[in-house]
Amino acid sequence: EVQLAESGGGSVQAGGSLRLSCQTSGLIYTINHMAWFRQAPGKEREGIASIYTGSGRTYYSDSVKGRFTISRDNAGTMLYLQMNSLKPEDTAMYYCAAGFLPLNCYEGVCHRPDQYNHWGQGTQVTVSS
């Protein structure tokens, strides 16, 4: 079993920055990929950034590319999401996820919620205009 716990959410003005953290524990070597998802009220859960824990290769959705950066520590126990130039449309509950995925994030597969079987509780991000 893998346990995930997010932190770092909050309320900021448009143009501001936040850094989210996700602490992992348990059988972390049963996973090879981690991701950040977000979900706004009435919207589908959206994969926005992911990373292979071994190689460090990253993937981003068009909506956050150039503004957000996903990273992990060397031990693989912490996952981060640096969010810059925040916009009101970034307002959502942000979730950390982990799973064992194909070695190639083809056709956006790594940003599908059904590819992940481990989830954190979520942390709220609110961006005001």
### Task
Pick out which of Q23, Q121, M34 makes a side-chain contact (heavy atoms from CB on, under 4.5 Å) with L4.
M34
### Query
Should I31 and H118 count as side-chain neighbours, where that means a heavy-atom distance under 4.5 Å?
yes
#### Entry: Separation between NZ of K65 and CD1 of I48, rounded to the nearest 0.5 Å
13.0 Å
### Message
Are C105 and Y52 packed together at the side-chain level, in the sense that at least one heavy-atom pair is separated by less than 4.5 angstrom?
### Response
yes
## Note on the structure
Minimal heavy-atom distance between Y94 and L20, with the atoms involved, is CB-CD1, 3.6 Å
#### Entry: For the student: nearest non-hydrogen atoms of Q13 and S128, plus distance
NE2-OG, 3.1 Å
### Message
If hydrophobic clusters are built from ILVMFWY residues whose side chains come within less than 4.5 Å, do L79 and V125 share one?
### Response
yes
### Query
Does any donor atom in the side chain of T53 or N32 lie under 3.5 Å from an acceptor atom in the other side chain?
no
### Query
Does the pair D90/K87 count as a salt bridge with the N-to-O cut at 4.0 Å?
no
### Query
Taking atom CZ of R19 and atom OG1 of T69, what is their separation to the nearest 0.5 Å?
10.5 Å
### Query
How far apart are the closest heavy atoms of A40 and A92, and which atoms are they?
N-CB, 3.9 Å
### Task
Compute both the distance and the angle, then confirm whether R38 meets the cation-pi test with Y95: under 6.0 Å from the six-membered ring centre, within 45 degrees of the axis.
no
#### Entry: Donor-acceptor side-chain pairing of T30 and E1 below 3.5 angstrom
no
#### Entry: Ring centroid separation W36 to F68 under 6.0 Å
no
### Query
Under 30°, 30 to 60°, or over 60°: which ring-plane class applies to H33 and Y116, parallel, tilted or perpendicular?
tilted
### Task
Check W119 against P113 and note the closest heavy-atom contact, atom names and distance.
CZ2-O, 3.5 Å
### Message
Both conditions, 6.0 Å and 45 degrees, for the charged tip of R72 above the ring of Y80: are they met here?
### Response
no
### Query
So, for E46 and S61, which heavy atoms are closest and what is the spacing to 0.1 Å?
OE2-OG, 4.2 Å
### Query
Taking S50 for the side chain and A35 for the main chain, is one N or O donor matched with an acceptor at less than 3.5 Å?
no
### Query
CG of L81 to OG of S71: how many Å apart, nearest 0.5 Å?
8.5 Å
### Message
Can you tell me how far apart CE (M83) and CG (L18) are? Round to the nearest 0.5 Å.
### Response
4.5 Å
### Summary
In terms of heavy-atom contacts, S17 and S85 come closest through OG-N, 4.4 Å
### Task
Could you tell me the separation between the CZ atom of F37 and the CD atom of E44, rounded to the nearest 0.5 Å?
12.0 Å
### Task
Report the distance from atom SG of C22 to atom CD1 of I70, rounding to the nearest 0.5 Å.
9.0 Å
#### Entry: S7 backbone acceptor or donor facing S21 side chain under 3.5 Å
no
